[in-house]
Amino acid sequence: QVQLVESGGGLVQAGGSLRLSCAVSGLTFGSYVMSWFRQAPGKEREFVATVDRSGGYTSYADSVKGRFTISRDNAKATVYLQMNSLKPEDTALYYCAATGLTGARQVAAYDAWGQGTQVTVSS
């Protein structure tokens with residue numbers, strides 16, 4: 001049974017930081033590209049960041065570039081999202097997801113999803 005379990009969300013003031021984690025089980029973690037998406041109320045789920053199988057390639061949405069950092073630890077089967085300089089517009093439910101396609105940004109390209117962790121940024 002494939003499981004992706006996110007944690008680390010919470011309430012933070014604008015300018016603050018959070019680190020999200022996603023623990024993965026039930027699949028060969030090192031064989032999958034991992035990404036973070038987010039969904040704000042009333043909006044579509046959007047791509048945030050992706051990391052390739054080795055961790056050597058990363059890519060970000062323009063809205064988070066320079067503020068967020070995605071990384072992975074294949075030994076721990078965990079992917080992380082370090083979020084700095086948070087803004088109220090970063091408020092959303094954050095999901096991790098797995099795919100076999102390097103660089104994929106479309107929701108439909110992803111095979112497995114977590115349940116999400118809420119991030120709320122107050123102004």
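Counting from 1, the numbers follow the sequence of the chain as shown.
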* Min side-chain heavy-atom separation Val79-Trp36 under 4.5 Å -> yes
Nearest-0.5 Å distance, [atom1] of residue [X] to [atom2] of residue [Y]:
{"X": "Thr69", "Y": "Tyr80", "atom1": "OG1", "atom2": "OH", "result": "14.0 Å"}
{"X": "Asp52", "Y": "Met34", "atom1": "CG", "atom2": "CE", "result": "12.5 Å"}
{"X": "Leu11", "Y": "Thr91", "atom1": "CG", "atom2": "OG1", "result": "8.5 Å"}
{"X": "Leu93", "Y": "Lys43", "atom1": "CG", "atom2": "NZ", "result": "14.5 Å"}
{"X": "Leu86", "Y": "Phe68", "atom1": "CG", "atom2": "CZ", "result": "5.0 Å"}

Could you report the tightest heavy-atom contact between [X] and [Y], atom names first, then the distance?
{"X": "Val48", "Y": "Val64", "answer": "O-CG2, 3.6 Å"}
{"X": "Ala112", "Y": "Val2", "answer": "CB-CG1, 3.9 Å"}
{"X": "Asp62", "Y": "Lys65", "answer": "OD1-NZ, 3.1 Å"}
{"X": "Leu81", "Y": "Ala49", "answer": "CD1-CB, 4.2 Å"}

* To do: For residues 80-100, pull every pair meeting salt bridge (charged side-chain N to carboxylate O under 4.0 Å, His left out), keeping only residues two or more places apart or in separate chains.
  =>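 For residues 80-100: Arg38-Asp90, Arg67-Asp90.
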* Is the distance between the ring centroids of Trp113 and Phe37 under 6.0 Å? -> yes
* Would Tyr32 and Leu4 show up in the same hydrophobic cluster when neighbours are defined by side-chain heavy atoms closer than 4.5 Å? ->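 Linked, Tyr32 and Leu4 end up in one cluster.
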* Hey, quick one: are Val51 and Tyr95 part of the same hydrophobic cluster, counting side-chain heavy atoms closer than 4.5 Å, chains of contacts allowed? ->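 No: no chain of side-chain contacts under 4.5 Å links Val51 to Tyr95.
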* Arg45 NZ/CZ over Tyr110 ring centroid, <6.0 Å and within 45° of normal ->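 Judged by the rule, Arg45 and Tyr110 form no cation-pi pair.
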Under 3.5 Å donor-acceptor pairs involving side-chain atoms of residues 17-26, not counting sequence neighbours:
unit_1	atom_1	unit_2	atom_2	d
Ser17	OG	Asn84	OD1	2.9

* Indicate yes or no for a side-chain donor-acceptor contact from Glu6 to the backbone of Gln115 under 3.5 Å, with no hydrogens or angles considered. =>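 Yes: the side chain of Glu6 pairs with the backbone of Gln115.
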Side-chain atoms of residues 97-106: list all donor-acceptor pairs with protein atoms under 3.5 Å, sequence neighbours left out, distances to 0.1 Å.
unit_1	atom_1	unit_2	atom_2	d
Thr99	OG1	Leu101	N	3.2
Thr99	OG1	Ala109	O	2.8
Thr102	OG1	Arg53	NH1	3.2
Arg105	NH2	Ser59	OG	2.5
Arg105	NH2	Tyr60	O	3.2

